[in-house]
Amino acid sequence: SQKIEQNSEALNIQEGKTATLTCNYTNYSPAYLQWYRQDPGRGPVFLLLIRENEKEKRKERLKVTFDTTLKQSLFHITASQPADSATYLCALDAAGNNRKLIWGLGTSLAVNP
Amino acid sequence: GAVVSQHPSWVICKSGTSVKIECRSLDFQATTMFWYRQFPKQSLMLMATSNEGSKATYEQGVEKDKFLINHASLTLSTLTVTSAHPEDSSFYICSARAGVYGYTFGSGTRLTVV
């Protein structure tokens, strides 16, 4: 069955360090992979989208890689700040008219000052 | 940027009553909106896809008579939880496809049925 796995354990890092979050998937060939941030009691906020033919995408302090051979995406936050503390979700997006997102459980990130 | 406004942000209702949640696209037209439910420590679960002017498409296992979706205009979709029971207590989130690739989410509605 199709499955998306993210680090189930919370990630604690020191301010200024780089946070790396992992998203692995099986039995799926996504056209796009997206990363979202979700704060407690709030809806997800879109961060980055990377296409299957792209290896890497950057946006300010954020970097996403996409390895379709390994079926893995890595999400990096450089120079992390306490304000980056949140849950980060990856979502797979199939091409075609029925563009539903399939979600991972998310990884909780805590950046300690 | 594209903004989706969702109301109310929280609601407490008595068992057996109905609750309506509104989702509005403020600065763009949303022909398609999505309704999700999220339980604590769980991932977002798609409930239904709402298309303007037509019937919603429900995911397997979601009761369409219990979760009524109306998408009467390009800027408004509503989810009505009918005859709510405590097991319907959850976090409900709507989203709309803004542009070719992006999805914008509402801020969510915390429903508590007592």
Side-chain angles (χ1 to χ4, degrees), chain A residues 1-10 21 23-26 28 30-54 57 59 62 64 66 86-109, chain B residues 1-11 21-25 28 30-51 54 56-60 62 79 90-112:
Chain A
S1 62
Q2 298 172 341
K3 191 164 38 173
I4 303 174
E5 291 185 342
Q6 295 187 249
N7 315 56
S8 57
E9 295 182 7
L21 287 68
C23 177
N24 295 299
Y25 58 93
T26 57
Y28 200 71
Y32 313 99
L33 188 145
Q34 303 183 23
W35 283 89
Y36 289 79
R37 168 184 174 142
Q38 186 175 25
D39 290 285
R42 309 289 292 177
V45 174
F46 172 77
L47 297 175
L48 277 170
L49 176 150
I50 187 165
R51 301 173 189 167
E52 60 180 337
N53 61 350
E54 296 177 319
K57 183 75 72 74
K59 179 183 176 182
L62 309 180
V64 171
F66 194 10
T87 296
Y88 291 86
L89 305 166
C90 77
L92 303 184
D93 185 348
N97 293 327
N98 188 15
R99 293 272 311 283
K100 296 190 292 187
L101 292 178
I102 300 175
W103 296 85
L105 279 174
T107 298
S108 175
L109 171 67
Chain B
V3 177
V4 169
S5 176
Q6 184 173 344
H7 293 280
S9 55
W10 61 271
V11 58
I21 302 170
E22 288 191 353
C23 186
R24 293 180 184 272
S25 57
F28 68 103
T31 55
T32 303
M33 286 190 177
F34 303 88
W35 287 94
Y36 290 88
R37 181 167 51 185
Q38 187 178 34
F39 292 105
K41 305 293 184 182
Q42 299 290 314
S43 66
L44 281 80
M45 291 178 55
L46 180 66
M47 300 175 65
T49 302
S50 163
N51 296 296
S54 64
T57 303
Y58 290 82
E59 294 300 301
Q60 191 173 10
V62 177
L79 168 68
S90 188
F91 190 55
Y92 292 86
I93 314 171
C94 66
S95 77
R97 191 176 296 153
V100 179
Y101 305 116
Y103 293 83
T104 299
F105 285 78
S107 55
T109 298
R110 172 73 58 195
L111 170 64
T112 302

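Chain letters run A, B, ... following the sequence lines, proteins first and then strands; every chain starts at 1.
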Colleague: Write down the atom of Phe105(B), the atom of Pro44(A), and the distance for their closest heavy-atom approach.
Modeller: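 Heavy atoms only, the tightest pair is CB-O, 3.3 Å.
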Colleague: Relative to chain A, which of Cys94(B), Ser107(B), Ser9(B), Gly106(B) shows the most heavy atom pairs under 4.5 Å?
Modeller: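 Max contact count across the listed options: Ser107(B).
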Colleague: Need one label for Gln6(B): side chain, backbone, both or neither, based on atoms under 4.5 Å from any heavy atom in chain A.
Modeller: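 Answer is neither: Gln6(B) stays 4.5 Å or more from chain A.
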Colleague: Give, as side chain, backbone, both or neither, the part of Gln38(A) having an atom under 4.5 angstrom from any heavy atom of chain B.
Modeller: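 Interface part for Gln38(A): side chain.
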Colleague: Could you grab the distance from atom CD1 of Ile4(A) to atom OG of Ser43(B), nearest 0.5 Å is fine?
Modeller: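 Output value for this atom pair is 8.0 Å.
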Colleague: If I compare all heavy atoms of Leu105(A) with all of Lys41(B), which pair ends up nearest, and what's the gap?
Modeller: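 Where Leu105(A) meets Lys41(B) most closely, the heavy atoms are CD2-O, 3.8 Å.
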Colleague: Locate the shortest heavy-atom distance separating Phe46(A) from Tyr103(B); write the atom from each residue and the value.
Modeller: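 Residues Phe46(A) and Tyr103(B), closest heavy atoms: CB-O, 3.8 Å.
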Colleague: Any salt bridge (Lys or Arg N to Asp or Glu O under 4.0 Å) involving residues 38-48 of chain A? Give me the pairs, sequence neighbours left out, ordered by first then second residue.
Modeller: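 Matches after skipping sequence neighbours: Arg37(A)-Asp39(A).
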Colleague: Can you tell which of Thr109(B), Thr57(B), Leu44(B) has the highest number of heavy-atom pairs within less than 4.5 Å of chain A?
Modeller: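 That would be Leu44(B).
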Colleague: Contact part of Leu46(B) toward chain A, heavy-atom cut-off under 4.5 Å: side chain, backbone, both or neither?
Modeller: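 Contact with chain A involves the side chain of Leu46(B) alone.
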